Colleague: 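Supplied in structure tokens, the structure appears directly below.
Computed from a predicted model, the values in this text were never measured in an experiment.
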Amino acid sequence: MTATTRPLRSVLYIPGSKPRALDKARGLACDAVIFDLEDAVSPEEKVAARETLAEALATGGYGARMRVVRINGLDTEWGVDDARAAAAMKPDAILLPKVGSPADLEALTEIVGDIPLWAMMETPGAMLNAAAIAGHRQLQAMVMGTNDLAKDLQTRFRPDRLPLITGLGLCLLAAKAHGVAIIDGVYNAFKDDDGLQSECQQGRDMGFDGKTLIHPAQLDIANAAFTPSEDEAALARRQIDAYEEAQAAGQGVAVVDGKIVENLHVATARETLAKLAAIAAMSPEPSP
């Protein structure tokens, strides 16, 4: 599976310094884990966290879950050593915080080689440079850092996220233009299921591939929101069948439920079914 077809419905942050959390992640129903050496780790724990995380990843047991290591920024006292340590862990990707331009990613490649990169998009500068960042040759995914972005923009919280829509949209356009995955930001109120569901649905409707999460209690809602429903799958199959029948009859369009179905609708229908197949392939029984 490629960066854009591999399921990334639920991307859970796990502190790299907490052995119990690292162990628990082996049995959680998330599509990807971001093993965090940055915000979730206190300054006095950062050096030791590298070894703790390295031991956990060497032990394995994370199954089909994508393993992503978020390092500290290269402009911090920990960043370069984090990058070297992360490269030695051989994760599926390394996530760089506060990416402002392709030069930031290029600096990381000089340390980690050809390991795929993810970019935290969390500053006004990143929003303005989103297209250039998305075009970096090793970039596999963009992750929205909506908390930091809201801080820099000096916004107020709104359930509709109107103050953030421009930034979200710019990054979405950039990701789709360059064929990289894009993951929505976190929802902070982890006990507010209704709020999380609403924000997940908004993100899915906008075109995000999944949601970053801060608590395992959020997993089921995110997975459900970013999984095509049975009704969507059934419609996709009917659209494909109707269009193929129309083509066999020498017609360029079909009609399903009173609506025109053209080749672009069929392409979307095939993507829906491919996503369901990929989700099924990525969903083994959780580890004990």
Side-chain angles (χ1 to χ4, degrees), residues 1-11 29-32 63-66 130-131 134-135 139-144 159-161 165 168-185 187 193-194 196-213 218-285:
M1 286 177 278
T2 67
T4 53
T5 61
R6 183 170 185 163
L8 291 169
R9 302 165 298 167
S10 50
V11 181
C30 52
D31 290 341
R65 300 165 190 85
M66 195 168 188
L139 190 70
Q140 189 181 71
M142 305 171 89
V143 181
M144 299 305 305
D160 61 6
R161 297 199 292 180
I165 289 297
L168 295 172
L170 286 170
C171 291
L172 272 164
L173 288 169
K176 302 301 180 180
H178 289 278
V180 300
I182 182 161
I183 315 300
D184 200 359
Y187 186 75
D193 289 351
D194 290 341
L196 173 63
Q197 187 170 37
S198 176
E199 194 164 292
C200 283
Q201 192 62 55
Q202 181 197 42
R204 172 62 190 89
D205 289 349
M206 290 180 70
F208 283 98
D209 296 300
K211 187 86 169 160
T212 43
L213 308 170
Q218 298 177 314
L219 288 170
D220 289 345
I221 290 173
N223 283 337
F226 288 93
T227 299
S229 67
E230 292 183 7
D231 288 344
E232 289 172 323
L235 176 60
R237 295 187 185 97
R238 288 191 292 122
Q239 287 175 326
I240 293 169
D241 291 343
Y243 186 75
E244 290 178 347
E245 290 177 7
Q247 281 195 313
Q251 300 172 2
V253 298
V255 177
V256 174
D257 297 340
K259 297 179 181 179
I260 293 293
V261 176
E262 301 178 275
N263 58 350
L264 64 92
H265 301 109
V266 174
T268 299
R270 294 191 191 282
E271 288 174 2
T272 296
L273 298 183
K275 184 172 185 177
L276 281 171
I279 289 169
M282 286 281 292
S283 303
E285 288 298 318

Colleague: Pro7 versus Asn223: any side-chain heavy-atom pair under 4.5 Å?
Modeller: no
Colleague: Among pairs that include at least one residue of residues 219-230, which meet salt bridge (charged side-chain N to carboxylate O under 4.0 Å, His left out), considering only residues two or more places apart or in two chains?
Modeller: none
Colleague: Taking all heavy atoms of Phe226 and all of Cys200, pick out the closest pair and write down the distance.
Modeller: CZ-O, 3.6 Å
Colleague: Of all residues at least two apart in sequence or in a different chain, which pass the side-chain contact (heavy atoms from CB on, under 4.5 Å) check with Ala224?
Modeller: none
Colleague: To check you understand the geometry: which heavy-atom pair defines the closest contact between Ala233 and Leu273, and what is its length?
Modeller: O-CD2, 3.9 Å
Colleague: Where do Val256 and Ala242 come nearest, in terms of heavy atoms and distance?
Modeller: CG2-CB, 3.5 Å
Colleague: Can you sort out the partners of Asp257 under side-chain hydrogen bond (donor to acceptor under 3.5 Å, both in side chains), two or more places apart, ordered by chain and number?
Modeller: Arg238
Colleague: Taking all non-hydrogen atoms of both residues, which atom of Lys211 and which atom of Ala222 are closest, and how far apart?
Modeller: CB-CB, 4.4 Å
Colleague: Roughly how far, to the nearest 0.5 Å, is the CG atom of Leu168 from the CE atom of Met206?
Modeller: 5.0 Å
Colleague: What pairs of residues pass the side chain to side chain donor-acceptor pair (under 3.5 Å) test when at least one of them lies in residues 260-275, not counting sequence neighbours?
Modeller: Glu244-Arg270
Colleague: Consider salt bridge (charged side-chain N to carboxylate O under 4.0 Å, His left out). Of Asp209, Asp184, Asp31, which one does Arg9 pass it with?
Modeller: Asp31
Colleague: Could you pull out all residues at least two apart from Glu245 that satisfy side-chain contact (heavy atoms from CB on, under 4.5 Å)?
Modeller: none
Colleague: Which atoms form the tightest heavy-atom contact between Leu219 and Ala29, and what is the distance?
Modeller: CD1-N, 4.0 Å
Colleague: Minimum heavy-atom separation for Leu8 to Ala32, with atom names?
Modeller: CD2-CB, 3.8 Å
Colleague: Excluding sequence neighbours, so at least two apart, what forms side-chain hydrogen bond (donor to acceptor under 3.5 Å, both in side chains) with Gln202?
Modeller: Arg161
Colleague: Should Val261 and Val255 count as side-chain neighbours, where that means a heavy-atom distance under 4.5 Å?
Modeller: no
Colleague: Are Val143 and Thr212 close enough, and set up right, to give a side-chain contact (heavy atoms from CB on, under 4.5 Å), and what steps lead you there?
Modeller: CA-CA 8 Å; Val143 181; Thr212 43; 3.6 Å; yes
Colleague: Using 0.5 Å steps for rounding, measure from the CG atom of Leu170 to the CD1 atom of Ile165.
Modeller: 11.0 Å
Colleague: Excluding sequence neighbours, so at least two apart, what forms side-chain hydrogen bond (donor to acceptor under 3.5 Å, both in side chains) with Asp160?
Modeller: Arg158
Colleague: Arg237: what forms a side-chain hydrogen bond (donor to acceptor under 3.5 Å, both in side chains) with it, not counting sequence neighbours?
Modeller: none
Colleague: Which residues satisfy the side-chain contact (heavy atoms from CB on, under 4.5 Å) test with Ser198, sequence neighbours excluded?
Modeller: none
Colleague: Enter the distance from Arg65:CZ to Ser10:OG here, rounded to the nearest 0.5 Å.
Modeller: 9.5 Å
Colleague: Does Ala130 have any side-chain contact (heavy atoms from CB on, under 4.5 Å) partners at least two apart in sequence or in another chain, and if so, which?
Modeller: Met121, Met142, Cys171, Ala174
Colleague: Evaluate the criterion side-chain contact (heavy atoms from CB on, under 4.5 Å) for residue pair Gln197 and Asp193; output intermediate values, then yes/no.
Modeller: CA-CA 6 Å; Gln197 187 170 37; Asp193 289 351; over 6 Å; no
